[in-house]
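Right, one structure below, let's go through it.
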Amino acid sequence: MTHDKGIYAGLLAAKKHGEKKLVVLFDPDKLRLKKMEQTLDLAVECGVDYFFIGGSLVVNNMLDGLLAQIRQRCPVPLILFPGNSFQLSYRADGILFLSLISGRNPELLIGQHVISAPFLKMSPLEIISTGYMLVDGGVQTSVQYMSNTYPIPAHKDDIAVCTALAGELLGLRMLYLDAGSGAKTPVSESMIEAVSGAVSIPLIVGGGIRTPEKIAANLRAGADLIVVGNAIEQDPVLIREMAAAVKDFQPVSGNDRGTVNG
Ligand code: 1GP
């Protein structure tokens, strides 16, 4: 049985051609129906590439219902971004099988994976193993508290690089540099540049990203996928300028890196 299907193949091809992706994160605990419908419609209109679904808690037992609701209204691929092994559902298209490699909590490095492996092995989900790296975002985030781990200090690019290299050498297929939802300070361009220069697998960056300018700067630094949650949840119309910032980042022919036009 193989889980190597369309999503990851698409991400590898995009990386090869210097194409960047915009991801909108839905936290099932925070959704208000009216804003969600507006967000879904705008996401389709603006060409958002993926939805990540998940959160540190997910207290409302609405995961299946939420996935069905989104699926009914729009065709954007749904990727689970689970905070724990309870946040699983066959209704998504794929799952980030996250190992929290910035931390030293064995439960989040391997323990939860052992619990969820039989379910995932039988599931139709595309499983994408991902090294999750929590970076200090200037405020204690839910993920930091819930995971009981220390984040990588914001200015320790060298630690981030060594962690990313270890993740790639262990065979993880993507890396996620995350300052945590609602971070005061997003991951720095310097850390993104250092990590993206050291590894060849796709690099996801998120946490505290609120402006198209920061998106453009992260893409220039080498991020492949940008994740935005809070900012869009508060003002869904932001999707327009954020998607435009990603679209403006065109690949330069013959070069894997893109550039911001205009
Ligand atoms: C959190 O990277 C995501 O895991 C998104 O963060 O909600 O701050 O955009 P925000």
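Heads up: numbering here begins at 1 and tracks the sequence. If you're wondering where the values come from, they're calculated on a predicted model, not measured in any experiment. Indexing begins at 1, ligand by ligand and atom by atom, following the structure's order.
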Self-check item: ligand 1 atoms in contact with Phe81 (distance to a heavy atom under 4.0 Å)
Solution: 4 (O)
Exercise. Answer side chain, backbone, both or neither: which part of Asn230 comes under 4.0 Å from ligand 1, heavy atoms only.
Key: both
Quiz item: Salt bridge check: are Arg73 and Asp41 linked by an N-O gap of less than 4.0 Å?
Solution: yes
Quiz prompt | ring pair (Phe, Tyr, Trp, His ring centres under 6.0 Å) partner of Phe26, chosen from Tyr50, Phe51, Phe52 | solution = Phe51
Quiz item: If you take all heavy atoms of Gly54 and Gln87, which pair is closest and at what distance?
Solution: CA-OE1, 3.8 Å
Quiz item: Among protein heavy atoms, which lies nearest atom 7 (O) of ligand 1, and at what distance?
Solution: Ser181 OG, 2.6 Å
Exercise. Indicate the atoms forming the closest heavy-atom contact of Asn105 with Asn148, along with that distance.
Key: ND2-CB, 4.2 Å
Quiz item: Considering only the protein, which heavy-atom contact is closest to atom 3 (C) of ligand 1, and what is its distance?
Solution: Tyr176 OH, 3.5 Å
Quiz prompt | atom 1 (C) of ligand 1 [closest protein heavy-atom partner, distance rounded to 0.1 Å] | solution = Asp178 OD2, 3.3 Å
Quiz item: Atoms of ligand 1 less than 4.0 Å from Gly207 heavy atoms?
Solution: 2 (O), 3 (C), 5 (C), 6 (O), 8 (O)
Quiz item: Should the heavy atoms of other residues, nucleotides or ligands under 6.0 Å from OH of Tyr145 be counted, would the total exceed 12?
Solution: no
Quiz item: If you draw a 6.0 Å radius around CZ in Phe119, do more than 12 non-hydrogen atoms from other residues or ligands fall strictly inside?
Solution: yes
Quiz item: Heavy-atom contact under 4.0 Å between Ala231 and ligand 1?
Solution: no
Quiz item: Below 3.5 angstrom, do we get any N/O pair linking Val227 and ligand 1?
Solution: no
Quiz item: Looking at atom 9 (O) of ligand 1, what's its closest protein heavy atom, distance included?
Solution: Gly229 N, 2.8 Å
Practice problem: Take atom NZ of Lys35 as the centre, draw a 6.0 Å sphere, and report whether it contains more than 12 heavy atoms from other residues, nucleotides or ligands. | Solution: yes
Exercise. Taking only heavy atoms of Leu25 into account, list the atoms of ligand 1 that are under 4.0 Å away from them.
Key: 1 (C), 3 (C), 5 (C)
Quiz prompt | Distance-only N or O hit between ligand 1 and Gly208, under 3.5 Å | solution = yes
